[in-house]
Engineer: 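My questions all concern the structure below.
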Amino acid sequence: MSILDRFTLTDHVAVVTGAGRGIGAATAIALAEAGADVVISSRTADQLEQVAERIRAAGRRAVVVPANLAHTEAVAGLAQAAYDELGRLDVVVNNVGGTIPNAFLDTDVAYLEEAFHFNVATAHALTRAAVPLMLASAGEPEEQRQKSVVSISSAMGRLTGRGYLAYGTAKAALAHWSKLAASDLAPRIRVNGIYVGSVMTSALEFVAGVPEIKQQMEETTPLGSIGEAEDIAAAVVYLSSRAGKYVTGKMLEVDGGIQAPNLDLNLPDLAPSAADAPQ
């Protein structure tokens with residue numbers, strides 16, 4: 001086996017959430033190019049169909065499941081869909097998530113709970129549903145495959161910056177969830193995650209239209225550029241394939257080398273105000 005053969009996923013079956021665009025779409029296509037059949041899901045059917053066309057162009061099968069993945073029942077159902085439609089389940093990529101930055105006093109308890117639900121509870125729901133099906137897909141001993149779960153966290157899960165309290169807390173929880181799940185599921189299922197830095201997806205489209213913000217982000221990133229979705233997809237392929245077979249319970253930092261947020265939200269210091277005092 002050559003070193004490149006270790007990065008192949010021939011005839012594996014993967015589930016990718018949030019796969020209609022951005023990191024999820026790039027990841028689904030990359031897994032297909034590595035040889036996997038892929039179940040893809042997000043809210044928007046037409047976006048998913050475009051991704052499915054790319055998967056089929058790579059010679060692999062695509063199963064499209066439009067769904068509101070904020071609902072844990074919907075996201076958990078993707079595991080069974082993969083098993084029913086494609087006959088097995090080998091890889092889960094927990095990519096659904098995200099939370100809009102918010103000032104501290106604008107972050108109420110409901111907002112924090114929503115961030116945790118969307119970023120952590122959904123990943124747990126899908127992975128919990130997937131585990132029995134992954135174990136059932138092992139096959140005969142001579143062809144047993146190590147299974148893999150990869151969760152997409154954020155650099156803000158390990159860094160600090162104003163405005164990122166709900167988002168960063170949820171992503172930090174997802175990272176630690178990945179480490180704890182890895183301990184529970186070893187040795188048959190590997191669980192890892194990725195601390196993602198600033199990547200040029202639709203969530204950062206406004207940056208491209210504001211040259212001074214884009215320049216600031218590039219200048220505060222050691223590698224001098226904003227990342228591409230394919231940078232994250234490549235890391236997912238590594239963690240999902242035999243190339244990463246000796247890696248579990250780890251968080252891979254794919255963030256251009258940042259040690260502090262490279263996008264300053266310019267939130268002001270809190271100031272005392274009689275109008276804001278409790279009555």
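Only this structure's heavy atoms are used, side chains among them; waters, hydrogens and symmetry mates stay out. Remember, it's a predicted structure, so these values are computed and weren't measured experimentally. FYI, the numbering just counts along the sequence from 1.
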Engineer: Sub-3.5 Å donor-acceptor pair from the side chain of His124 to the main-chain atoms of Thr122, do we have one?
Structural biologist: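 Judged by distance alone, no pair lies under 3.5 Å.
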Engineer: Identify whether Val91 and Leu252 are in the same connected component of the hydrophobic contact network (ILVMFWY, side-chain heavy atoms under 4.5 Å).
Structural biologist: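 Val91 clusters together with Leu252.
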Engineer: Keeping the roles fixed (side chain from Asn119, backbone from Ala115), state whether a donor-acceptor pair exists under 3.5 Å.
Structural biologist: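 Side chain of Asn119 to backbone of Ala115, a donor-acceptor pair under 3.5 Å: yes, one is there.
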Engineer: Can you give me the closest heavy-atom contact between Leu174 and Ala123, atom names plus distance?
Structural biologist: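 It is CD1-CB, 3.8 Å.
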Engineer: Please determine whether residues Leu159 and Ile194 belong to a single hydrophobic cluster, defined as Ile, Leu, Val, Met, Phe, Trp and Tyr linked transitively by side-chain heavy-atom distances below 4.5 Å.
Structural biologist: no
Engineer: Using modelled atom types only, decide if a donor and an acceptor are shared between the side chain of Thr17 and the backbone of Val96 within a distance under 3.5 Å.
Structural biologist: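 Checking the backbone N and O of Val96 against the side chain of Thr17, a donor-acceptor pair under 3.5 Å is found.
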Engineer: So how far is it from Gln47 CD to Ile40 CD1, rounded to the nearest 0.5 Å?
Structural biologist: 10.5 Å
Engineer: Output yes when a side-chain donor or acceptor of Asn95 lies under 3.5 Å from a complementary backbone atom of Val16, and no otherwise.
Structural biologist: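 Flag not set: sc Asn95 to bb Val16 has no pair under 3.5 Å.
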Engineer: Given side chains that start at C-beta, do those of Arg242 and Gln146 come closer than 4.5 Å, heavy atoms only?
Structural biologist: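 Counting from C-beta outward, Arg242 and Gln146 never come under 4.5 Å.
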Engineer: Donor-acceptor pair, distance only, cut-off 3.5 Å: does the side chain of Asn262 make one with the backbone of Thr221?
Structural biologist: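 Checked: no pair found.
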Engineer: Counting distance only, does the side-chain N/O of Ser183 pair as donor-acceptor with the main-chain N or O of Leu180 below 3.5 Å?
Structural biologist: no
Engineer: Do you know which two heavy atoms are closest between Lys147 and Met134, and how far apart they sit?
Structural biologist: CE-O, 3.1 Å
Engineer: Is there a side-chain hydrogen bond (donor to acceptor under 3.5 Å, both in side chains) between Arg158 and Ser153? Walk through the geometry before answering.
Structural biologist: CA-CA 10 Å; Arg158 66 179 186 86; Ser153 182; over 6 Å; no
Engineer: Kindly give the cluster partners of Met251, where membership spreads through any ILVMFWY side chain lying under 4.5 Å from a current member.
Structural biologist: Tyr195
Engineer: Show me the side-chain donor-acceptor pairs of residues 54-66 shorter than 3.5 Å, one per line, residues at least two apart or across chains.
Structural biologist:
| residue | atom | partner | partner atom | Å |
| --- | --- | --- | --- | --- |
| Arg56 | NH2 | Ala62 | O | 3.2 |
| Arg60 | NE | Gly35 | O | 3.1 |
| Arg60 | NE | Asp37 | OD1 | 3.0 |
| Arg60 | NH2 | Asp11 | OD1 | 2.9 |
| Arg60 | NH2 | Gly35 | O | 3.3 |
| Arg60 | NH2 | Asp37 | OD1 | 3.2 |
| Arg60 | NH2 | Asp37 | OD2 | 3.4 |
| Arg61 | NE | Asp37 | OD2 | 3.1 |
| Arg61 | NH2 | Asp37 | OD2 | 2.8 |

Engineer: Less than 3.5 Å apart, which donor and acceptor atoms pair up between the side chains of residues 199-209 and the rest of the protein, not counting sequence neighbours?
Structural biologist:
| residue | atom | partner | partner atom | Å |
| --- | --- | --- | --- | --- |
| Thr201 | OG1 | Ala203 | N | 3.4 |
| Ser202 | OG | Arg21 | NE | 3.4 |

Engineer: If the condition is side chain to side chain contact (heavy atoms under 4.5 Å, CB included), which residues does Ser241 pass it with, not counting sequence neighbours?
Structural biologist: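 Result, side chain to side chain contact (heavy atoms under 4.5 Å, CB included) vs Ser241: Phe7, Leu9, Ala243.
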Engineer: With sequence neighbours excluded, what pairs up with Ser2 under the side chain to side chain contact (heavy atoms under 4.5 Å, CB included) test?
Structural biologist: Leu4, Asp5
Engineer: Find out whether Asp269 and Arg162 are in side-chain contact, i.e. whether some heavy atom of one side chain is under 4.5 Å from a heavy atom of the other.
Structural biologist: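 A side-chain contact exists here, since the closest heavy-atom pair is under 4.5 Å.
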Engineer: Take Val254 and Val196, measure what side-chain contact (heavy atoms from CB on, under 4.5 Å) needs, and give me the verdict at the end.
Structural biologist: CA-CA 5 Å; Val254 186; Val196 175; 5.8 Å; no
Engineer: Distance check, rounded to the nearest 0.5 Å: Asp184 atom CG versus Arg128 atom CZ?
Structural biologist: 12.0 Å
Engineer: Linking directly or through intermediates, with side-chain heavy atoms under 4.5 Å: list the remaining ILVMFWY members grouped with Tyr246, chain and number order.
Structural biologist: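 Via sub-4.5 Å side-chain contacts, Tyr246 links to none.
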Engineer: Hydrophobic side-chain clustering at under 4.5 Å (ILVMFWY, transitive links): who's grouped with Val109? Put none if nobody.
Structural biologist: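 Its cluster mates, by chain and number: none.
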Engineer: Does any donor atom in the side chain of Gln216 or Glu212 lie under 3.5 Å from an acceptor atom in the other side chain?
Structural biologist: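 No.
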Engineer: Starting from Leu105 and following side-chain heavy-atom contacts under 4.5 Å between hydrophobic residues (I, L, V, M, F, W, Y), which residues can be reached?
Structural biologist: Phe104, Leu112, Leu165, Leu270
Engineer: Ser151 side chain to Gly193 main-chain N or O, any donor-acceptor pair under 3.5 Å?
Structural biologist: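 Such a contact is absent between Ser151 side chain and Gly193 backbone.
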Engineer: Are Leu126 and Val38 linked, directly or through other ILVMFWY residues, by side chains that come within less than 4.5 angstrom of each other?
Structural biologist: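 Different hydrophobic clusters.
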Engineer: Do Lys245 and Arg6 come close enough that some side-chain heavy atom pair is under 4.5 Å?
Structural biologist: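 With C-beta onward as the side chain, the pair touches.
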Engineer: Quick one: closest heavy-atom pair of Tyr164 and Leu263, and the distance?
Structural biologist: OH-O, 3.0 Å
Engineer: When rounded to the nearest 0.5 angstrom, what is the spacing between OG1 in Thr99 and CZ in Phe118?
Structural biologist: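 Result: 7.5 Å between the selected atoms.
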Engineer: Give the cluster check for Val150 versus Ile23: same hydrophobic cluster or not, with ILVMFWY residues linked at side-chain heavy-atom distances below 4.5 Å.
Structural biologist: yes
Engineer: Do Leu223 and Ile258 make a side-chain contact, defined as non-hydrogen atoms from C-beta onward lying under 4.5 Å apart?
Structural biologist: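 Heavy-atom side-chain distance check fails, nothing below 4.5 Å.
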Engineer: Hey, are the side chains of Leu185 and Val131 touching, using non-hydrogen atoms and a 4.5 Å cut-off?
Structural biologist: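 Result yes, sub-4.5 Å side-chain heavy-atom pair found.
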Engineer: Which heavy atom of Leu89 sits nearest a heavy atom of Ala130, and at what distance?
Structural biologist: CD2-CB, 3.6 Å
Engineer: Taking all non-hydrogen atoms of both residues into account, name the closest pair between Pro101 and Leu265 and its distance.
Structural biologist: CB-CD1, 3.5 Å
Engineer: Is there a donor-acceptor contact under 3.5 Å from the side chain of Arg190 to the main chain of Ser148?
Structural biologist: no
Engineer: Can you tell me how far the OG atom of Ser225 sits from the CD atom of Glu219, to the nearest 0.5 Å?
Structural biologist: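 Ser225 OG to Glu219 CD: 12.5 Å, rounded to 0.5 Å.
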Engineer: Linking I/L/V/M/F/W/Y whenever any side-chain heavy atoms sit under 4.5 Å apart, do Val120 and Val191 land together?
Structural biologist: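 Yes, because Val120 and Val191 connect within a single hydrophobic cluster, where side-chain heavy atoms sit under 4.5 Å apart.
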Engineer: Between the side chain of Lys171 and the main-chain N/O of Ile152, is any donor-acceptor distance below 3.5 Å?
Structural biologist: yes
Engineer: Report the residues that fulfil side-chain hydrogen bond (donor to acceptor under 3.5 Å, both in side chains) with Lys214, sequence neighbours left out, ordered by chain and then residue number.
Structural biologist: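 Lys214 satisfies side-chain hydrogen bond (donor to acceptor under 3.5 Å, both in side chains) with Glu218 once adjacent residues are dropped.
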Engineer: At their closest point, which heavy atom of Val237 faces which heavy atom of Ala34, and how far apart are they?
Structural biologist: CG1-CB, 4.3 Å
Engineer: Can you list everything that forms a side-chain hydrogen bond (donor to acceptor under 3.5 Å, both in side chains) with Tyr167? Sequence neighbours excluded, please.
Structural biologist: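 Listed in chain order: Ser154.
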Engineer: Does Asn192 have any side-chain hydrogen bond (donor to acceptor under 3.5 Å, both in side chains) partners at least two apart in sequence or in another chain, and if so, which?
Structural biologist: none
Engineer: Please table the atom pairs, donor to acceptor, closer than 3.5 Å between any side-chain atom in residues 69-84 and protein atoms at least two apart or in another chain.
Structural biologist:
| residue | atom | partner | partner atom | Å |
| --- | --- | --- | --- | --- |
| Gln80 | NE2 | Asp84 | OD1 | 2.9 |

Engineer: For the side chain of Ser42 and the backbone of Ala19, is there at least one donor-acceptor N/O pair under 3.5 Å apart?
Structural biologist: no
